[in-house]
Amino acid sequence: MSPRPSGGVGDLIARKQVVICAGSGGVGKTTVSAAIATGAAALGKKAAVLTIDPARRLADSLGLPELGNEERQVEMDSDGELWAMMLDAKRTFDDLVDTYSPDEQTRRAVLDNPIYRELSNAVAGSQEFMAMEKLHELHQEGNYDLLVLDTPPTRNALDFLDAPRRLARFVDSRSLTFFRASSKLSLGIMGRGTGVLFSVMKKATGVDLLEDVAEFFRSFSHMTDGFRERAARVDALIRDSRTTFLLVTSPRSAAIEEAQHFHRKLQSEGLPFGGVIVNRVREPVRAKPAPELESELAQMLDQALAAKVARNLSEHRALAERDALNIERLRGRPGRKPILTVPELSGDVHDLAGLEQLKEHLFAPGALLK
Amino acid sequence: MAGLLDKRLVYVTGKGGVGKTTVAAALGLAAARAGKRTVICEVAEQQRISRAFGHEAAGFTETEVAQNLHAFSIDPEKAKEEWLRHQLRSGALAGVLGQSRIFSYLTAAAPGLAEVITMGKIWELAQLRRRTAKAAPYDLVIVDAPATGHGLALLRAPRTFADIARKGPIRNHAEAIHSFTANAAVTGVLAVALAEEMPVNETIDLENRLAQEMGMALSAVLVNGVLPERFSGADAKAMNAAQGAGSPAAREALTAALRAHERARSQRSQVARLKRGVEARVSTLPFLLTPEVDREGLESLSVEVARKL
């Protein structure tokens, strides 16, 4: 559909089909993602937000059950439609196994394998991969004008970029060959080098573990082509020109550092970067510091209270100036990145009214820093 | 919270962005001041602890950053080599395996093996008889752990792995780690939170999951960044009545004051909700005005932490 006139984030996501919101923990990624989808719906799009583990009240207000791997429509008054879903990494992984198993026996062998059970339970980056996977699946189905992914809170916020390739390496044929060959029965026919390696590994890890891993790779090998192809397609999707990465950060310096690091990473990977959203920025104090403020306040309030109000303002000024400095540092030198700031709103955002308020800031014409 | 500094291992976790690293550093200073030989161990490879103390990145070397206080950052590759050397009792064999692509596939494939190795290094730091040659023992190891979900997965990894490996050397090793980290007499878990909706929910959830998945109790909760309650209800009334009058500066000052009052009130109700929601003792740490938490800021925060312990 043709982009309608809008502003702020609207300019960054016009003509995009996939928006990936990334950033470190605690910066408000989930609410920003939901607000972007809300804004797109208000512009007449059919938008879906994919999120992981939002605060329960946000889930409630969006009408999402605690765990459901299906999109649900959120009741709201707008030209478009807002849909939301909470990712269930394990179920997404299980569904993939269903899809790619050649027969029931293989399917059961994989699903019952102790290695698989732990692997699919959100360790070793599987949550990250499954988030990308679900995104890909929904994009393939083509039911939405816009998909907004709230990325999982990973240890260094970047892990998920590598997830598709990690999975591809994981099902690499050489490792499969090795572990397939290393079962008890075939130990005798292995090449000498491999045999030595296997016995050293056995000494380090114990034989049961190796056998389970070998068994897992054996049953999984029937599905590797499917998985590898899938991983390649997910990788292609995140590089597509219809995809954009938006970095979400707070104006605090640790988060800003992380955002800069992330920006460099996106550039070096050649991934489509859209801009940075700086959330919860303290509003600057417009009035210049003036010594007579306290005496003016003392005419309206009692002396002690006037002093407290004046002190509060000067502290607020210092904090707001620090935020502004950090944002300036983030903008950096020539080739300035598109940056959009959202003021600190009173109270947390955890209901539709709060999302609406956040959306107004994100989509305001002129919200992008000049 | 009494006795947290008397543990051998304190695991600091909480939602992303709540200030875990800062609290871990302040706790470390408090312990060092109390005469404990202490090490703060990072697992995220960000090396923020040593930098906070104005030192070069500590890396995989135990570096003294203040009197009695050391910093250490776990490098998974180096931890793996060290673990293999010990497991195989041979540097040469460990070298062969460490270089092998196949072994790196195994660490990728065997869920939680990398985490077990990380936990193994943390455990090693906390032993009175160190495996590391010439290494002196610590009285206290403080772990600046990953955020709640990943943090819990890391803590749980040895048990998960012991179940998968069934028997053999890794299993024995994983069990030894688990019996140390799940023992409340030696290991404590400290949750850091903010007085906001989501961090409070996550802390309540953390306590429940610790009990369910590890049979462990949360030792204590520290709520970071709590604003001063500068204005009373009566103050707010007076400010509301005065709103709209005076110069633009006065109007701005009143709006900012009313907002600060509103935020402090909302924080208070979140702290109350947290106290109702968890069994562990909940204490608060004040919001610091210092620009970035530097050495000085950490010192004053550590006094606060010690007072609340």
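We name chains A, B, ... by the order of the sequence lines, and we start the count at 1 in each one.
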### Query
Which pair of non-hydrogen atoms, one from B:A238 and one from A:L305, has the smallest distance, and what is that distance?
CB-CD2, 3.9 Å
### Message
Assess the residue pair B:L254 and A:L301 against the criterion (side-chain contact (heavy atoms from CB on, under 4.5 Å)); give the C-alpha distance rounded to whole Å, side-chain angles, the decisive distance to 0.1 Å, and a yes or no.
### Response
CA-CA 10 Å; B:L254 282 173; A:L301 309 160; 3.9 Å; yes
### Message
Please identify, among B:P169, B:A242, B:A249, the residue contributing the most non-hydrogen atom pairs under 4.5 Å to chain A.
### Response
B:P169
### Query
Of all of A:E315, A:R311, A:Q299, which one pairs up most often with chain B through heavy atoms under 4.5 Å apart?
A:E315
### Query
Do the non-hydrogen side-chain atoms of A:T31 and B:M198 ever get within less than 4.5 Å of each other?
yes
### Query
Would A:E257 and B:R48 count as a salt bridge (Lys or Arg N to Asp or Glu O under 4.0 Å) if you check the C-alpha gap in whole Å, the side-chain angles of each, and the deciding distance to 0.1 Å?
CA-CA 12 Å; A:E257 265 176 41; B:R48 287 175 57 195; over 6 Å; no
### Part of A:R317 lying under 4.5 Å from any heavy atom of chain B
neither
### Proximal component of B:T148, with respect to chain A [non-hydrogen, under 4.5 Å]
neither
#### Entry: residues 15-23 of chain B: residues contacting chain A (heavy atom under 4.5 Å, by number)
B:K15, B:G16, B:G17
#### Entry: Heavy-atom donor-acceptor pair, A:E296 side chain to B:A250 backbone, under 3.5 Å
no
### Task
Hey, could you give me the CD/CD distance between B:E252 and A:E283, rounded to the nearest 0.5 Å?
9.0 Å
### Query
Do A:H316 and B:R259 have side-chain heavy atoms sitting under 4.5 Å apart?
no
### Query
So, A:K308 side chain and B:R230 main chain: donor-acceptor pair closer than 3.5 Å or not?
yes
#### Entry: chain B interface, residue from A:A287, A:S250, A:A310 that has the most non-hydrogen pairs under 4.5 Å
A:A287
### Query
What pair of heavy atoms forms the shortest contact from A:L313 to B:A256, and how long is it?
CD1-CB, 4.0 Å
### Query
When rounded to the nearest 0.5 angstrom, what is the spacing between CG in A:L297 and CZ in B:R251?
12.0 Å
### Query
Would you say B:E213 has more than 12 foreign heavy atoms packed within less than 6.0 Å of its CD?
yes
